[in-house]
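I have placed the structure first, in the form of structure tokens, so that the comments after it can refer back to it.
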There are 2 protein chains.
Amino acid sequence: MTVTGIIAEFNPFHNGHKYLLKQAEGLKIVAMSGNFVQRGEPAIVDKWIRAQMALENGADLVVELPFLVAVQSADHFAKGAVEILSRLGIDQLTFGTEAVLDYQVIATVYSEKEAEMEAFLRSLPEDLSYPQKTQKMWETFAGVEFTGDTPNHILGLAYAKACAGKGITLKPIKRQGAGYHSEEKEVAYASATSIRLHKEDQDFVAKFMPNSQLFQSAPQVSWEDYDQLLRYQILTHPDLTQIFQVNEELANRIKEAVRSTSSVEELVEKVATKRYTKARVRRILTYILVGATEQALPDAIHVLGFSAKGQAHLKGLKKSVEIVTRIGKEPWDALTQQADQVYQLGHPQLPEQIWGRVPVRVEDQ
Amino acid sequence: MTVTGIIAEFNPFHNGHKYLLKQAEGLKIVAMSGNFVQRGEPAIVDKWIRAQMALENGADLVVELPFLVAVQSADHFAKGAVEILSRLGIDQLTFGTEAVLDYQVIATVYSEKEAEMEAFLRSLPEDLSYPQKTQKMWETFAGVEFTGDTPNHILGLAYAKACAGKGITLKPIKRQGAGYHSEEKEVAYASATSIRLHKEDQDFVAKFMPNSQLFQSAPQVSWEDYDQLLRYQILTHPDLTQIFQVNEELANRIKEAVRSTSSVEELVEKVATKRYTKARVRRILTYILVGATEQALPDAIHVLGFSAKGQAHLKGLKKSVEIVTRIGKEPWDALTQQADQVYQLGHPQLPEQIWGRVPVRVEDQ
């Protein structure tokens, strides 16, 4: 049977995600962010709820991206996620995108010219942001054209890069309806961004989410719930440059800016420059919030949930793939677990995220 | 004119403190804890409010104890405070005590036998707490008897030690009415502990505090308001042994205990042992909350408020005594200021504690 991988955040899970899962073929394995997401913020509902949403709508297996894969720029995010899915035996990768190109050709270009393309990247002026450099690289080597705000397309290219030479077939699916960051309400499909924005509007949520009740009854958080902790951390941390990706310059800018700003978004605005994009600053603030230091990624793969089919697939995996279904005294990934504990401080109703938690199970549909 | 020093916390200021100030002679200089107090907790109202209370009830000058003097065991607290008062030119030290002994004789004993007494202290078994050792020392060398819970008496002895050989006359005043930790309501004088306990009871507060309105309208905090920050700090700190007085053993005990306790008081209970008294554990948790590392005490003295007489006294001081009346770009004491910023996170209505703050002024009475 075909085994399809999907890299996702489901922040939160909506009809577009359901459509994507329906389009995917065979056994469907999702590699999903945990409690913090790629754009550098806490997930609106916790990973267990989001895994359940996915499993109730077609996923067979949901595994967790370690914190240092989930909260990373597109390239590292894609590379880390593809690595995990590849070990879980996928032969296809399905993803939504604004622009359905022949990603397979693009992957081939990259696998043939990797060294040259990476050298080109490094040769670009320092004042360009990394996303800008990447776009120039694809324009130059693969003739890809970029028009405005198409983040899933950019992620798609990162997936193409990550899959290059791995024998994984790329299966882009055209995103339905609203763009990723769309804030409009009058569309057939709503983006995760617009659902987060209109989360209080029950009718809106019910219209665009398959599991709206589960979502609405779950404790929801946003950066606001961690604002005080972040300030406190910046204030009392003995040396912010110990934190992943924080250099002396950023540490000083952040310490200075925190005194004159009253929200995380203001802080992001104040610290961001042409070179340090807002997304990157938001991720760096997430590293600071969590107290993240650079460390090796875990070897084991943490399972958040499965169907019977998904569970059977796990049993058939090679012995070399270590699977964690219940975190015990030994951590699965110390940093992810630290992030989970910090996440839990954001809402008094958030349940225990780590100890005693076992995979969510759903009946095969 | 006689210049009298008083070492205080005024947490909060009550009728007993007013009585003490009235008994003191001449110009009255108070060396007061800042926003964190000796027993290892946030002051119930901020230092500016407490300074104002003191000035409106007889104090002429209120200066701030640096964090690492204020939040210390009795001996260090007394030594640091006496040092500051001595530089401000006091010739008497007045303090309340449960037992009016001849502290002057005790001070003389200590100045004559200091080396011997300190050697005796060091020779005592390791499983005794520091307060227990100190009591044994006073019993052995000065024939002082201890009966139960008399914390001000113990502080009095620490003052005697700190004043030994400094030419400062010790003027103990018998405490009126309730003992320091008394929780009873039906007494003429109420202790600060009982006022903190009954802070919601307006009649009680009004009966035992001269400035009850100021107190009741001020933002009030307790450990509860910092519980989440403390948990977060313990969770994310890269290395708790960097914190003042935290060794490997304590770091592990605290990290372990925080998982199974739901309040700071429970955490204190769980971490305290015969050797690590609860007061000491509470102070250590305060160091952790504030992110305190060992550092030199400031040379300058920070003024919280004065009367005209107090201000005139400041002007007459030797040039060698550096006075700070307004904290600018250069910190007065970096750690105290860090503590102030952490303190401010405990209540949304707490005003700025540092920048732009100038001494509280009261008319001479």
Side-chain angles (χ1 to χ4, degrees), chain A residues 35-36 42 67 221 224-244 246 251 255-256 258-260 262-263 285-295 327 329 331 334-348 350 352-356, chain B residues 35-36 42 67 221 224-244 246 251 255-256 258-260 262-263 285-295 327 329 331 334-348 350 352-356:
Chain A
N35 284 327
F36 290 89
F67 178 86
V221 296
E224 251 179 73
D225 301 298
Y226 302 89
D227 178 71
Q228 204 204 24
L229 295 181
L230 178 66
R231 272 164 205 286
Y232 172 70
Q233 179 82 294
I234 292 169
L235 206 59
T236 61
H237 199 283
D239 176 11
L240 285 179
T241 66
Q242 293 174 353
I243 302 276
F244 184 58
V246 179
K255 272 176 177 286
E256 183 62 32
V258 80
R259 282 179 49 184
S260 61
S262 59
S263 73
L285 294 178
T286 306
Y287 302 147
I288 292 175
L289 175 71
V290 165
T293 51
E294 185 149 27
Q295 45 196 264
I327 293 172
K329 210 171 152 57
L335 179 53
T336 301
Q337 290 173 225
Q338 183 160 314
D340 284 346
Q341 290 173 281
V342 171
Y343 183 80
Q344 220 179 311
L345 294 174
H347 196 298
L350 271 170
E352 168 65 46
Q353 293 294 301
I354 306 168
W355 293 285
Chain B
N35 284 326
F36 290 88
F67 178 85
V221 296
E224 251 178 72
D225 301 298
Y226 301 89
D227 178 70
Q228 205 204 23
L229 295 182
L230 178 66
R231 272 164 203 287
Y232 172 70
Q233 180 81 292
I234 293 169
L235 206 59
T236 62
H237 199 283
D239 176 10
L240 285 179
T241 67
Q242 292 174 353
I243 302 276
F244 185 57
V246 179
K255 271 175 178 285
E256 182 62 32
V258 79
R259 282 179 50 186
S260 61
S262 60
S263 72
L285 294 178
T286 306
Y287 302 147
I288 293 175
L289 175 71
V290 165
T293 51
E294 185 148 26
Q295 45 195 265
I327 294 172
K329 211 173 152 57
L335 179 53
T336 301
Q337 289 173 224
Q338 183 159 313
D340 284 346
Q341 289 173 281
V342 171
Y343 183 81
Q344 220 179 313
L345 294 174
H347 196 298
L350 271 171
E352 168 64 45
Q353 292 294 303
I354 306 169
W355 293 285

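All chains are named by letter (A, B, ...) in the order of the sequence lines, taking the proteins before the strands, and each is independently numbered beginning at 1.
Ranking A/Gln242, A/Arg231, A/Gln228 against chain B, the residue ahead of the rest is A/Gln228, based on heavy-atom pairs under 4.5 Å.
Heavy atoms only, all atoms of each residue included: B/Thr236 and A/Gln338 are closest at CA-NE2, 3.5 Å.
The side-chain hydrogen bond (donor to acceptor under 3.5 Å, both in side chains) search around B/Glu352 returns none, not counting sequence neighbours.
The number of heavy atoms from other shown groups lying within 6.0 Å of CD (B/Gln295) is above 12.
Inter-residue side-chain proximity for A/Leu289 and B/Tyr232 is flagged as met; some heavy-atom pair is nearer than 4.5 Å. Side-chain atoms of B/Gln233 and A/Gln233, non-hydrogen and from C-beta on, do get closer than 4.5 Å to each other.
Proximity to chain A is absent for every atom of B/Ile243, based on heavy atoms less than 4.5 angstrom apart. Using a 4.5 Å cut-off between heavy atoms, A/Gln341 touches chain B through backbone and side chain atoms alike. Proximity to chain B (any heavy atom under 4.5 Å) is restricted, for A/Ile288, to the backbone atoms N, CA, C and O.
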